[in-house]
Structure formats: C-alpha cells, structure tokens
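Scope of the values below: all heavy atoms of this structure, side chains included, with no hydrogens, waters or symmetry mates. Given the structure is predicted, the values throughout are model-derived calculations rather than measurements. Protein chains get the first letters and strands the later ones, always in sequence-line order, with residue 1 at the start of each.
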Number of protein chains: 2
Amino acid sequence: MTHATAAFPESRHDHADCVERTLAAAERICRDRQARLTPQRRRVLEVLLADHVAVGAYEIADRLAENGRRPAPTIIYRALDFLIEVGLVHRLASLNAFIACGHPGSAHGAQFLICNGCGLVAEISDPRLAGAVAEAARRVDFAVLRPIVEITGRCPACRPGLRGRGDA
Amino acid sequence: MTHATAAFPESRHDHADCVERTLAAAERICRDRQARLTPQRRRVLEVLLADHVAVGAYEIADRLAENGRRPAPTIIYRALDFLIEVGLVHRLASLNAFIACGHPGSAHGAQFLICNGCGLVAEISDPRLAGAVAEAARRVDFAVLRPIVEITGRCPACRPGLRGRGDA
DNA sequence: GGCTGGTATGTAACGGTATAACATTTCGAA
DNA sequence: TTCGAAATGTTATACCGTTACATACCAGCC
C-alpha cells in the first residue's frame, strides 16, 4: 500500500498492475514446471504481494483468517516452502519473514535492502555484488551454496533531510 | 604453522593460544571502553571461543550448566547483547546463533562463510565485498546501517574430491 | 465405475528462539 | 555509608518453526 519515493526500487508504481502481473507470471511459471499453484498457495502469495514489506508466517495466517478460519502454522509454512522452491518467494533470514520475489522466472541471485523506517524491502540483483561474493569465497576455496545478503538501513523516503535524491 | 586445508581460515591452528589471545584482547577492549567483562559475560565468551562454530543461546546455557545451574535465557541474551555491543561477538542471522569475533578491536565490516558440512564459520573482512555492498546501496540512494553477508556452503575440508586446493 | 498412489490439506502438540516485566544484588563513586 | 546505576536473577510469555499423524483430493489405471 505505501509508496516510497525516488530511487528506492519499489516506489510509486501501479501496484495493482504489479500484483496482477506477478500473479500471471506465477501461474505461468508453475504451469511450466508442472507445479500446482493451488488456491491455498495462491492466497499466501497474494498476502505477500499486498505490499513490498516482509511478512512473518504467523502474520500471513492472521491475514488469511480475515475471510475464514486461521490456518495453522504448518499450512502456511508448507505453502511458503512451495513458493520458495519455485522461486516466487524469498525468505529474509534477518527478519524471520518472507517476501514475494520481485522478478520471478529469471534465475537470479538476489540481495535485499531493508528499510527499518517503513519496512519496505527492495530486491536487487547486482552482478558486481554477486561477483564480489563469489570472488571472496573463491579466494578461500569455499564452495558457495546459498549467499545471503541483507542490508538493513534507510530508504530515501525515510531519511530526514535529503529527500528524493537518487544518484544512479 | 601451515593451514592444512588451504585458505579456509580457521584450520589447524594452535587453538589454546587463539583462545588465550582473544580473551586477553577482550579484557583490554573492555578496559579501554570502561565496560565490565564480568565473570558471567566472560563465561559466555569462553563458550563461544571453544571452537569456531556458531552456538545458539540455549546451547550456551546448556554448556554453562555443566558447572552449576543452567542460566535462564535472559541471562544469556543479556551477556550476548553486551558482547555484541563491544564487538566481541557476532550474531549470525541465518543460524539464529552466535560466534566469537575473529579479530576484535579493529572496527571492521565482517562477512561470514558458513560450512554446512562441519559447521565451521570463517569470518572474513573483504574490502571489495564491503565496497560492493556500499556501492549497490549508494546506487539506489539507500543508507546502510547494518549489512549482513552470510554465505553458506562447503569449506575446503568438507568438499569431497578436490582437497587442498586454494588459489589465492 | 472403483482401485491405487501421490500430492495437498488439516489438526494437534511440541521444541527452539527471544523478550517483557519485575525483584534483587553488586559495585563504584560521592 | 549511602546512593544510584549497572548487573543479575526469576517467571512468564510471545514468536518462529517442525514433527507426527490423519484426512482429502486428484490423477492414471484396471
């Protein structure tokens, strides 16, 4: 619901369109992989798509409770496991929470910028950052399986003073 | 003293010496900052120094229980908060666990390589990686407060086949 | 149709992680 | 020595995630 400003990626877009396109992509991806995007799983995804903020599993359950019974944690975690597996959702380790993938479909290493003001999470896919991770690991002969990059800070809109300045 | 498994830092060192030097550094750092490294806090640090593996708060409590009563979680978390505050301990978000800082004293951005074979954690401080994080954030005008980089994978010793190959 | 097996969902209980709220003790400085 | 701040102790509780087991759904096949 909230829209931030300037360069922070998830800003000021047509969010209804954003949701719709992501859901369409989700349907397509699941069809391609012969995975079933059941109503349950879809509802969980929709909760995560509601805004670009990370949501905990229990919070997801609460939101689903608004129309019907509150699903047990297991239900939510199973749906999340599925959605993560097919690449539609990411887990944020530093928040113990989940967020819809910003660009599903394209295989990508993702990094996250987490605003501790408004809670907005920007997913970026920075090749140089990914490269630096790979290089650092290579240097010590470490085989990377799962690189986690979660940067907590302040998005442009939540910084008092210099507002609306983006520089790239 | 060569490090056997090539570059993965925490290999085959004189660990008794490692512990002793870190504790000495801890004493010095706390004195300098007029912070009190009380017996309780020191014991928690000692548990974390026992090996280069991340340990959860409850596990720390268990280990402390071996000589005396098991401290309540609060006790442990308070000690950890202190140790983190003065830079002697890091928290690993992806494991919900804690590890002694590899080079306390020097202000440093740290990144972690976590072996999912043996559990060893290597703390590195790679300026290029830190720089890539800073640059990625700058590009979208994001003010970094707390960059988390935790790379799960396999250390050289835990990789079957190609052993002892380090290339930097 | 009615099996049959795999996938998905439902239910209950529990274990691990972390904090809140409040009481007590310790310690250093006035 | 008294006083306030820091540290510790105790209890309860909230939040995150999994285990174990039961049931329902949905093919493909006889």
Side-chain angles (χ1 to χ4, degrees), chain A residues 26-27 30-31 33-48 53-65 67-86 88-99 114 119 148 150 152, chain B residues 26-27 30-31 33-48 53-65 67-86 88-99 114 119 146 148 150:
Chain A
E27 299 279 8
C30 289
R31 202 166 41 245
R33 301 186 42 152
Q34 283 161 264
R36 296 168 51 201
L37 187 61
T38 63
Q40 189 91 253
R41 291 165 174 174
R42 191 187 159 99
R43 278 193 290 273
V44 169
L45 181 56
E46 283 168 354
V47 167
L48 291 176
V53 166
V55 184
Y58 282 66
E59 170 72 18
I60 293 172
D62 288 341
R63 303 223 187 141
L64 292 178
N67 33 340
R69 288 195 48 203
R70 181 181 196 266
T74 324
I75 307 290
I76 306 298
Y77 281 106
R78 278 199 287 236
L80 287 169
D81 287 345
F82 170 86
L83 294 168
I84 289 168
E85 174 68 25
V86 298
L88 293 169
V89 164
H90 297 288
R91 177 178 146 79
L92 296 179
S94 61
L95 299 179
N96 294 326
F98 304 85
I99 191 148
I114 304 167
I148 294 177
E150 298 177 13
T152 295
Chain B
E27 299 279 9
C30 288
R31 202 165 43 243
R33 301 186 43 152
Q34 282 161 261
R36 296 168 50 202
L37 186 61
T38 63
Q40 188 91 254
R41 292 165 172 174
R42 190 188 159 99
R43 278 192 291 273
V44 169
L45 180 57
E46 283 168 354
V47 167
L48 291 176
V53 166
V55 184
Y58 282 66
E59 170 73 18
I60 293 172
D62 288 342
R63 302 223 187 141
L64 291 179
N67 32 341
R69 289 195 49 204
R70 181 180 197 267
T74 323
I75 307 292
I76 306 298
Y77 281 106
R78 280 200 286 235
L80 287 170
D81 287 345
F82 170 86
L83 293 167
I84 290 168
E85 174 68 26
V86 299
L88 293 168
V89 164
H90 298 288
R91 177 179 146 76
L92 296 179
S94 61
L95 299 179
N96 293 325
F98 304 84
I99 191 148
I114 304 167
R146 203 166 48 98
I148 294 177
E150 298 177 13

Mind running a 4.0 Å heavy-atom check of residues 37-45 of chain A against DNA chain D and sending the residues that fall below it, in number order?
none

Please give me every residue in residues 74-85 of chain A whose heavy atoms get under 4.0 Å of an atom in DNA chain D, ordered by residue number.
A:Thr74, A:Tyr77

How long is the straight-line distance from CZ of A:Arg43 back to CZ of A:Arg63, given to the nearest 0.5 Å?
15.5 Å

Those residues that, when tested against A:Glu46, pass side chain to side chain donor-acceptor pair (under 3.5 Å) (two or more places apart):
A:Arg42

Contacts of A:Asp81 that satisfy side chain to side chain donor-acceptor pair (under 3.5 Å) - sequence neighbours left out
none

Start with the C-alpha distance between B:Ile99 and B:Arg91, add both sets of side-chain angles, then the distance that settles side chain to side chain contact (heavy atoms under 4.5 Å, CB included), and finish with yes or no.
CA-CA 6 Å; B:Ile99 191 148; B:Arg91 177 179 146 76; over 6 Å; no

So, with a heavy-atom separation below 4.0 Å from DNA chain C, the residues of residues 88-95 of chain B are B:Arg91

Please lay out, stage by stage, how B:Leu48 and B:Leu88 fare under the test side chain to side chain contact (heavy atoms under 4.5 Å, CB included).
CA-CA 10 Å; B:Leu48 291 176; B:Leu88 293 168; over 6 Å; no

Checking side chain to side chain contact (heavy atoms under 4.5 Å, CB included) for the pair A:Arg70/A:Tyr58: CA distance, chi angles, key distance, verdict?
CA-CA 10 Å; A:Arg70 181 181 196 266; A:Tyr58 282 66; 3.6 Å; yes

Contact interval (first through last nucleotide) of DNA chain D with protein chain A, 4.0 Å heavy-atom
D:dC16 to D:dC26

If you count every heavy atom of other residues, nucleotides or ligands that lies below 6.0 Å from B:Glu85 atom CD, does the total exceed 12?
no

First encountered from the 5' end of DNA chain C, between A:Pro71 and B:Tyr58
A:Pro71

Hey, which sits more toward the 5' end of DNA chain D by its nearest nucleotide, B:Arg69 or B:Ala35?
B:Ala35

Kindly indicate whether the side chain of [X], heavy atoms from C-beta on, has any atom under 4.5 Å from the side chain of [Y].
| X | Y | answer |
| --- | --- | --- |
| A:Ile60 | A:Leu80 | yes |
| A:Val44 | A:Ile75 | no |
| A:Leu64 | A:Ile76 | yes |

Return the value, rounded to whole Å, for the distance between atom CD of A:Gln34 and atom P of C:dA8.
12 Å

If we ignore hydrogens and angles and just use 3.5 Å, is the side chain of A:Glu150 paired with the main-chain N or O of A:Ala93 as donor and acceptor?
yes

So does B:Arg31 pair up with B:Glu27, basic N to acidic O under 4.0 Å?
no

Applying a 4.0 Å non-hydrogen cut-off, can you work out what B:Ala72 is touching in the nucleic acid: base, sugar-phosphate, or nothing?
base

Set out, in order, the CA-CA distance, both residues' side-chain angles and the distance that settles side chain to side chain contact (heavy atoms under 4.5 Å, CB included) for A:Ile148 and A:Ser94, then state yes or no.
CA-CA 10 Å; A:Ile148 294 177; A:Ser94 61; over 6 Å; no

